[in-house]
There are 2 protein chains.
Amino acid sequence: MFLSRSTNTLDAKGRISVPADFRAVVSDDMFEGIIVWPSFDGPYLEGGGISLMRDYQGFLENMDPYDDVRNAFERAIFTESKRLAFDANGRVSLPKALAEYANLDGQATFIGLGRRFEIWNPVDYEVQSVAARKMARENRHQLRLRGQPTRPDQAESRGG
Amino acid sequence: MFLSRSTNTLDAKGRISVPADFRAVVSDDMFEGIIVWPSFDGPYLEGGGISLMRDYQGFLENMDPYDDVRNAFERAIFTESKRLAFDANGRVSLPKALAEYANLDGQATFIGLGRRFEIWNPVDYEVQSVAARKMARENRHQLRLRGQPTRPDQAESRGG
DNA sequence: GGGGATAGCATGGGGAAACATGGGATACAA
DNA sequence: TTGTATCCCATGTTTCCCCATGCTATCCCC
């Protein structure tokens, strides 16, 4: 699961180190690398492992094959996605078009969002981050986990 | 389940022992360590095992994927979380940014809260603690357990 | 019940591996 | 040939892995 945030350097050759945490997340996938596409919700990139693509594929295949929305999703996600393989040091080469789409220049911020991640211009993201924390705080009462409060057959009963 | 309170040393390298009780709680998780993030409700840290994150993930995935509140929670929790693995002695390295956020210096107090825990500056927590006990006392009549009275054949007898 | 042995816990420090990054060499395409 | 993409190597920094130590709670034997 993708967690945490970190800002890395996008060098003159268009290379950027994928945070080690993120590499660990996709290390079980067949493909040693990440999939990245321009978000259709703003000037940033979205990404994940190849298994995320399979999840999207599974979801879309349950829709009507000629449904316009399905078509739109397929074009917006699959068609625009790039498969970026890690080099020996855990970097990827980010195509210019993607870097330009997200206004990346010199630095880029990877943010973990569980199943996927996003890549932002660090300054742009800082604005998002502040707004998000404010909104999260204002709506914190909605954040209620349900289900079994405790599962007595699990860890907590272990003597230690 | 995370219970009790204990204060441990945050050493010069940024390491701190996670209380043994807490380690036992997460010992059934795949990931041998804890997840910690800055609370969006005050200058302290929140944490739990990887399974807590999965619970949050399950909760959030039931919301509209591009809902602003969902987005805010994802950014406030997942993005700000760090995955801290235990070393051989049960310690974690607490990133500087997190320690600074919670005003931690030399000592930190872990407080168990059932499914989650918090990490506080010991002095700050003392203030909270007094206020919390007062409020608990004033509202003690609301503390009503429902359901089965007691099941002596379960967790509490499994000590070991 | 007392006293010693033992295992787990919290903490300190040194060294090795991993990480992020830069630069050069090589291969391929325009 | 020039531009571009990929691979390989070098390097400073950070992290984390391993060892050592004192303390405490527990157990066991007497």
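In the text below, chain A, chain B and the rest are named by the order of the sequence lines, each starting its count at 1. Fair warning: this is a prediction, and the values are worked out from it, not measured in the lab.
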Under 4.0 Å, heavy atoms only, any strand: does [X] hit a base, just the sugar-phosphate, or nothing?
X: A:T9; answer: sugar-phosphate
X: A:V18; answer: sugar-phosphate
X: B:D87; answer: nothing
X: B:A88; answer: nothing

[atom1] of [X] versus [atom2] of [N]: gap in Å, rounded?
X: B:D21; N: D:dA25; atom1: CG; atom2: P; result: 13 Å
X: A:L94; N: D:dA5; atom1: CG; atom2: C1'; result: 14 Å
X: B:L10; N: C:dA10; atom1: CG; atom2: P; result: 15 Å
X: B:K96; N: D:dC16; atom1: NZ; atom2: P; result: 13 Å
X: B:F22; N: C:dC9; atom1: CZ; atom2: P; result: 14 Å
X: B:F110; N: C:dT11; atom1: CZ; atom2: P; result: 10 Å
X: A:N8; N: D:dT14; atom1: CG; atom2: P; result: 14 Å
X: A:R23; N: C:dT21; atom1: CZ; atom2: P; result: 11 Å

Want to settle it: does A:F86 or B:R15 sit nearer the 5' end of DNA chain D, counting the closest nucleotide to each?
A:F86
Would you please say whether a donor-acceptor pair under 3.5 Å links the side chains of B:T109 and B:T7?
yes
Do B:F117 and B:F22 have ring centroids that are under 6.0 Å from one another?
yes
Name the closest nucleotide to the [X] side chain, picking from [options].
X: B:K13; options: C:dC9, C:dC19, C:dG13; answer: C:dG13
X: A:D11; options: C:dG22, D:dT6, C:dA10; answer: C:dG22
X: B:S93; options: D:dC16, C:dA20, C:dT11; answer: D:dC16

Quiz question: going by heavy-atom distance under 3.5 Å, is there a donor-acceptor pair between the base of C:dT21 and the side chain of A:N89?
yes
Tell me whether the side-chain N or O atoms of B:R91 pair up with the base of C:dG12 as donor and acceptor below 3.5 Å, since no angle test is needed here.
yes
Give the C-alpha distance, both sets of side-chain angles, the deciding distance and a yes or no for side-chain hydrogen bond (donor to acceptor under 3.5 Å, both in side chains) between A:Q107 and A:T9.
CA-CA 5 Å; A:Q107 299 272 96; A:T9 304; 3.3 Å; yes
Can you find a pair of side-chain heavy atoms, one from A:N139 and one from A:Q142, that are under 4.5 Å apart?
yes
Charged N to carboxylate O under 4.0 angstrom, A:E138 versus A:R133?
no
